[in-house]
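Here's the structure we're looking at; comments come further down.
What you see is a predicted model; the values in this text were computed from it and never measured. Letters go in sequence order (proteins before strands), and every chain restarts at 1.
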Number of protein chains: 2
Amino acid sequence: MKDVAAMAGVSLSTVSRVVNGQPVDAALAAKVHRAVELLGYRHNYAAGALRRSGGSASIGLVCEDISDPFFAAFHRGVEQIARERSVATLAASTDGSPDRERDVLERMLGRRVEGLLLIPTGKDHSYLRRDVANGTGLVFVNRPPKTIDTDCVVTDHRGGARAAIEHLRAHGHRRIAYVGPGPEAGFAAAERLAGYREAMAGLDEDIVSRGDLQPLLAGEEPPTAVFSSQNLVTIEVMRTLFRLGLDRVVAHVGVDDIPLRGAIEPPVTIVAHEALMLGRAAAELLFSRVDGFDGRAREVVSAPTLIPRGTGELLPVS
Amino acid sequence: MKDVAAMAGVSLSTVSRVVNGQPVDAALAAKVHRAVELLGYRHNYAAGALRRSGGSASIGLVCEDISDPFFAAFHRGVEQIARERSVATLAASTDGSPDRERDVLERMLGRRVEGLLLIPTGKDHSYLRRDVANGTGLVFVNRPPKTIDTDCVVTDHRGGARAAIEHLRAHGHRRIAYVGPGPEAGFAAAERLAGYREAMAGLDEDIVSRGDLQPLLAGEEPPTAVFSSQNLVTIEVMRTLFRLGLDRVVAHVGVDDIPLRGAIEPPVTIVAHEALMLGRAAAELLFSRVDGFDGRAREVVSAPTLIPRGTGELLPVS
DNA sequence: CTGTTAGCGCGTTCAC
DNA sequence: GTGAACGCGCTAACAG
C-alpha cells in the first residue's frame with residue numbers, strides 16, 4: 001500500500017479511500033488504480049479489520065465429519081445466509097473425539113470467528129462459556145446443549161418417525177415394521193426408533209430389523225407396512241420389495257435425510273429432513289446474536305415434511 | 001493483552017511469551033494464566049500473524065456447490081492434509097456463475113489465503129495470475145486450466161469408463177449399453193461418454209440411454225451388458241434389472257462417484273472415484289507450492305479403481 | 001529470563 | 001477533497 005501510494009504520488013489515506021470506494025478525485029483515483037495493477041497490490045482484509053476493530057467476518061462450522069452429505073447440505077444453507085453479509089465459513093471435523101473438538105473450536109476462536117455452529121461430539125462444552133460471554137455467537141445443531149446455555153436448532157427425528165407411523169396407521173395399518181439401525185448408531189437413529197415406538201402405542205411395536213427386511217416378510221403374520229429410517233435403507237427396502245413383487249402390496253414410508261439430488265425414489269412416500277433449511281435456520285439464529293440480540297437461549301425445531309407419493313398410501317392386505 | 005499484563009504485573013512481552021509457550025519463570029507464568037482466566041482473554045491469531053509477517057494459515061476451496069457430496073468428500077481429504085499444518089479451510093459456492101466465482105475468489109484473496117483449490121466454473125481465470133505470481137498457491141481440480149498455467153488434479157473419468165467397458169469386453173460382451181446423462185450434463189458426463197465410445201471401437205457404440213434402461217432391453221438385439229455412468233443411475237439400473245429378473249443375466253458395471261457410506265450395492269462391480277484421495281492429492285500439490293516449490297505446472301491424474309463384485313463378471317447370454 | 005521499543009498493514013481521526 | 005499522525009493487537013529486536 002505504501003508502494004502504491006509512492007508510485008501514484010499520493011498519500012496512504014488516498015489509496016485507502018480509493019480501495020474502499022470513498023469519494024476521490026477521478027484523476028488521482030486513476031493513478032492509484034494503475035499503480036495497483038502494476039504492483040499487483042491486494043487489499044489485506046485482516047489488517048483493516050484490526051484497525052477498524054471490525055470483526056473477522058467469519059464463522060466456524062464444526063461437526064464429526066465434514067464429508068457427511070447431511071453436513072454438506074447444512075453447510076450450504078449456512079453459506080446462503082452468511083453470503084448476504086459477506087461472512088466466510090470455516091469448517092472442520094472432530095472425528096468423534098471430544099479432545100479434537102475442543103482443539104478445533106479453540107483454534108477457530110483464536111481466529112476470532114464471530115460465531116460457531118456446532119454439531120456436538122463431546123458432552124461438556126462449558127469451556128465455551130467465556131467466549132460466549134465475550135460476545136461470540138454459539139448455536140448447537142441437532143443435539144441440545146447440556147453444559148452450556150445457548151441457542152439450538154434440532155431436526156425433529158422423533159416427530160418425523162411418528163408422523164410416518166401415524167400416516168400408515170391412518171391408512172389402516174396395524175403391523176408396521178421398522179427397518180434401520182439401532183440406537184447405538186447415534187442420536188438420530190435412536191430418536192427415530194423412539195418415535196416409532198411412541199406412535200406404535202397399543203400395537204406390536206417390536207417388528208424391528210436392523211437392515212434386512214426379508215426375514216420379517218417371510219415370518220408368520222408379516223407386516224403390511226414398512227418404515228425405513230434412513231435414505232440408504234429406504235433404497236434397500238425398495239429393492240427388496242421389488243424383488244419379491246410386493247412393491248404395490250406392502251406400504252412403505254422412508255426417510256429422506258441425505259440429499260440425493262432428487263434423482264431417486266420418485267414414487268416412495270417420504271419424510272423429508274431438509275438439512276439446507278436447518279442450516280439457514282441455524283445461521284439466522286447465530287447472526288441475531290452477532291447483531292447483539294441478548295435474550296434467553298432459544299430452541300428452533302425443524303419439522304420434517306411428509307410427502308405422499310403413493311407407496312405410503314397403500315391399504316393393508318392381510 | 002494489555003489488561004492481562006497489567007493485572008499480572010508483567011510486561012506485554014511476558015504475556016506474549018506465556019501465550020506462545022516460550023520459557024518464562026513459573027511464578028510469573030502462573031500469574032499470567034490467572035489473569036487470562038479472570039479476564040477471559042483469547043489470543044488473536046490474525047494480529048500475531050500480521051506482526052510476524054506470517055501467513056494466514058488458511059486456504060480456500062471453491063466449487064459450484066458445496067452441498068455436492070463429491071465436493072464434501074474432497075473437502076475432507078483436503079482437511080486431512082491441512083490439519084497436519086494447522087491450516088484452516090474456507091469453502092464457498094459459485095452457483096455456476098463465473099462472476100460470482102471471481103467475486104468469491106477475490107474475497108478469499110483479500111483474506112490472504114495461502115492457496116486456492118478451485119473446481120472451476122468460468123472459463124477465464126487469467127485474473128488470478130497476479131496473485132499466483134505473488135506467491136499464492138493455486139490448484140485446479142477436475143478441469144484443466146486453460147487461461148492460466150497452474151497445477152491441476154483430475155479424475156480420469158474417461159479412463160474409468162474405458163476400464164469398465166474393457167472389463168466387459170474381456171468377459172465376452174459385444175453389445176454394451178451406456179446409461180447416464182449426456183455430454184450437456186457437464187464435463188464428467190461428457191468424458192465418461194467419450195470413454196465409452198473410445199472403448200467400444202469396432203462395436204455398436206450407440207446403445208445409449210439418458211436414463212431409462214427398459215426400452216433398450218425391450219428392443220431387438222438387447223444389450224448383454226450395461227455401464228451406468230453415475231451413482232444414482234447405477235441404483236436405478238439395479239432396480240430395473242431386479243424388477244425384470246435380469247440381475248443375474250445382464251452384466252452391469254457402475255460408477256461410484258458419490259460416497260454413499262458404503263451401505264449400497266454390495267454386489268455390483270464398480271469403478272470407484274475416490275474424491276477423498278483427490279482432495280489429499282490436491283492439497284499436497286498446493287502445499288508444495290506454499291512451501292516454495294517453483295517448478296513447472298504439474299498435472300496429477302487420479303485413476304479410478306475397478307472393483308469386481310460379481311455383476312460385471314457375468315458372461316453374455318444371447 | 002524480563003522489559004522496552006518499534007512497527008506489521010491498514011483505517012481513522014484531525015488539520016489543511 | 002487531501003495528507004500527517006496515531007493506534008488496532010501483537011511479536012521481534014534489543015538492552016538490561
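No contact: B:V19 has no heavy atom under 4.0 Å from any strand. Counting any heavy atom pair closer than 4.0 Å across all strands shown, A:M1 reaches sugar-phosphate atoms only and no base atom. Across all strands, A:Y41 comes closer than 4.0 Å only to sugar-phosphate atoms, never to a base (heavy-atom distances). Backbone-only contact: A:L28 has heavy atoms under 4.0 Å from sugar-phosphate atoms and none from a base.
Between chain B and DNA chain D, the heavy-atom contact criterion of under 4.0 Å yields a 5' to 3' nucleotide range of D:dG9 to D:dA12.
In this structure, the NZ atom of B:K31 is 13 Å from the C1' atom of C:dT2, given to the nearest Å. The distance from atom CG of A:L39 to atom C1' of C:dG9 is 15 Å, rounded to the nearest whole Å. The distance from atom CG of A:N44 to atom P of C:dC8 is 13 Å, rounded to the nearest whole Å. Atom P of nucleotide C:dT5 and atom CG of B:L12 are separated by 12 Å, given to the nearest angstrom. With rounding to whole Å, A:D3 atom CG is found 12 Å from C:dG9 atom C1'.
Under the 6.0 Å distance and 45° angle rule, A:R83 does not count as a cation-pi partner of A:F287. Taking the ring axis of B:Y127 as reference, the NZ or CZ atom of B:R102 stays within 45° of it and closer than 6.0 Å to the ring centre. Taking the ring axis of A:Y45 as reference, the NZ or CZ atom of A:R52 stays within 45° of it and closer than 6.0 Å to the ring centre.
A side-chain donor-acceptor contact under 3.5 Å links A:T147 to the backbone of A:H125. Listed for the A:D95 side chain is no donor-acceptor partner under 3.5 Å among the backbone atoms of A:S97.
When the side-chain nitrogen and oxygen atoms of A:S16 are compared with OP1 and OP2 of C:dC10, none of them lie within a distance under 4.0 Å. Considering only side-chain N and O atoms, B:T14 lies under 4.0 angstrom from the phosphate OP1 or OP2 of C:dG3.
For C:dG11, its base sits under 3.5 Å from the side chain of A:R51 at one donor and acceptor pair at least.
Looking at which nucleotide of DNA chain C each of A:Q22 and A:A47 is closest to, the 5′-most match is held by A:A47.
In this structure, A:Y41 and A:H43 have perpendicular ring planes: the angle between them is above 60°, well past the 30° mark.
A salt bridge links B:E79 with B:R76; the closest basic N to acidic carboxylate O contact falls under 4.0 Å.
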